[in-house]
There are 2 protein chains.
Amino acid sequence: MNELATADTSRPVQLVARELANSSGYLLARLGLAFKLQATERAEASGFELYDYSVLAILGEGSRETQATIADALTLDPSRLVALLDSLEERDMVERQRDPQDRRRHVVSITNSGRKELARVRAIISQLEGEFFAPLDSANREALHTMLAALATQNDPRCCPLDDEE
Amino acid sequence: MNELATADTSRPVQLVARELANSSGYLLARLGLAFKLQATERAEASGFELYDYSVLAILGEGSRETQATIADALTLDPSRLVALLDSLEERDMVERQRDPQDRRRHVVSITNSGRKELARVRAIISQLEGEFFAPLDSANREALHTMLAALATQNDPRCCPLDDEE
DNA sequence: TATTGTTATACTCTATAACTATA
DNA sequence: TATAGTTATAGAGTATAACAATA
């Protein structure tokens, strides 16, 4: 139940301060949060946590990873990753195996079922992106992405190390 | 102390999944959060909470506001606003007065001292923006802002109702 | 002794619900 | 009875610290 929808008769809609709306940083933060919330909402409606997608995406690309490297890539505390992997493993999307070389390590890999589920979440997020960026035409969307990538590269090189073309 | 800085010798830097880095939504969320964290950090280093800036910006523009309208503009629960205003009032940046028309209401207004402090935070955030968006030249920065405003308008019209020029 | 993954603890944040004073 | 602002309560989320197994 959205209270904003019911309040529109009682008082005029309060606008964000112009000063903030004129700030690209503010818009960036606001839109970024909005996108994340919507992505979370849709993913959860289909039985995924948003982090599930990140984990599956990493495992779907790279070779088999150890928990420490996954946590590192996600900038996530290893202790938080445990519950995520427990859940993914219960649902047969990933497998944990002891590394014979170093029996302290768990080698995590994606299962066939996990790849199918990855395709499902990918489609959900992709659909959302289409809607979210709909106000921009294709050329502008590409220009936006290039600029965001440039900012991300400065902000955290781990994000977009080389401007490699898709 | 950033642990990433100390770990660079032990293992190769883990990169974000390409699939995520290629998503504009992901970059938006990541950059938005990064900007907010940096803004929070700098503001707090100067004795401000980030919300202080929002409140002061609203009061600095509009006429005198009631607590409900401020909370509405910030999409903040009125109960959370109380502590914010308490703090601002203690520091003589805002004043609360009973509305004679309706003694349940508090009319909140910015003080002269508050205007000076507003100028200070504004400068801090403005400086950060300059650094954060430095990878883009002036024309691109403007193009980016226009696109973000278009997205914000779709996402929440309360944010940027008309594309009014600065 | 140090490291990997795991579990337990404690703390912060915030949403919700009660409460008061006015209407 | 309903509303504006305030205070109190409780629950979620998470960072931190302890832990067991292995190196």
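As a basis for the values below, the full set of heavy atoms in this structure was taken, side chains included, without hydrogen atoms, waters or symmetry mates. Letters A, B, ... mirror the listed sequences (proteins, then strands); counts begin at 1.
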Whole-Å gap separating [atom2] ([N]) and [atom1] ([X]):
X: A:Gln67; N: C:dT7; atom1: CD; atom2: P; answer: 11 Å
X: B:Leu81; N: D:dT6; atom1: CG; atom2: P; answer: 8 Å
X: B:Asp102; N: C:dT20; atom1: CG; atom2: C1'; answer: 14 Å
X: A:Glu65; N: C:dT4; atom1: CD; atom2: P; answer: 14 Å
X: B:Arg98; N: D:dG5; atom1: CZ; atom2: P; answer: 9 Å
X: B:Arg80; N: D:dT7; atom1: CZ; atom2: P; answer: 16 Å
X: B:Arg105; N: D:dT6; atom1: CZ; atom2: P; answer: 14 Å
X: B:Leu76; N: D:dT6; atom1: CG; atom2: P; answer: 13 Å

Counting distance alone, no hydrogens or angles: does the base of C:dT3 have a donor or acceptor under 3.5 Å from a partner atom on the side chain of A:Arg104? yes

What nucleotide, of [options], holds the atom closest to the side chain of [X]?
X: B:Asp77; options: C:dG5, D:dT7, C:dT16; result: C:dT16
X: A:Ser79; options: C:dT7, D:dT6, C:dG5; result: C:dT7
X: B:His106; options: D:dT6, D:dA23, D:dA17; result: D:dT6
X: A:Val82; options: C:dT7, C:dT4, D:dA23; result: C:dT7

Heavy-atom donor-acceptor pair, A:Gln154 side chain to B:Phe132 backbone, under 3.5 Å: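 Yes; at least one donor-acceptor contact below 3.5 Å.
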
Within less than 4.0 Å of OP1 or OP2 of D:dT3, is there a side-chain N or O belonging to B:Thr66?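 False: B:Thr66 side-chain N/O out of range (4.0 Å or more) of D:dT3 OP1/OP2.
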
Give a yes/no on whether any side-chain N or O of B:Arg96 is located under 4.0 angstrom from OP1 or OP2 of D:dT6.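 So the side chain of B:Arg96 is within the cut-off, an N or O lying under 4.0 Å from OP1 or OP2 of D:dT6.
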
For A:Arg80 and A:Tyr51: C-alpha separation, side-chain torsions, deciding distance, then whether side-chain contact (heavy atoms from CB on, under 4.5 Å) applies. CA-CA 11 Å; A:Arg80 285 193 62 193; A:Tyr51 268 122; 4.0 Å; yes

Fit a plane to each ring of B:Phe133 and B:Phe35, take the angle between them on a 0 to 90° scale, and name the class: parallel (under 30°), tilted (30 to 60°) or perpendicular (over 60°).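 B:Phe133 vs B:Phe35 ring planes: tilted.
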
So do the side chains of A:Arg96 and A:Gln67 get within less than 4.5 Å of each other, counting heavy atoms only?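 A side-chain contact exists here, since the closest heavy-atom pair is under 4.5 Å.
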
Given the rule in the side-chain contact (heavy atoms from CB on, under 4.5 Å) test, do A:Leu56 and A:Val94 qualify, once you have shown the distances and angles that lead to the verdict? CA-CA 8 Å; A:Leu56 291 176; A:Val94 307; 4.1 Å; yes

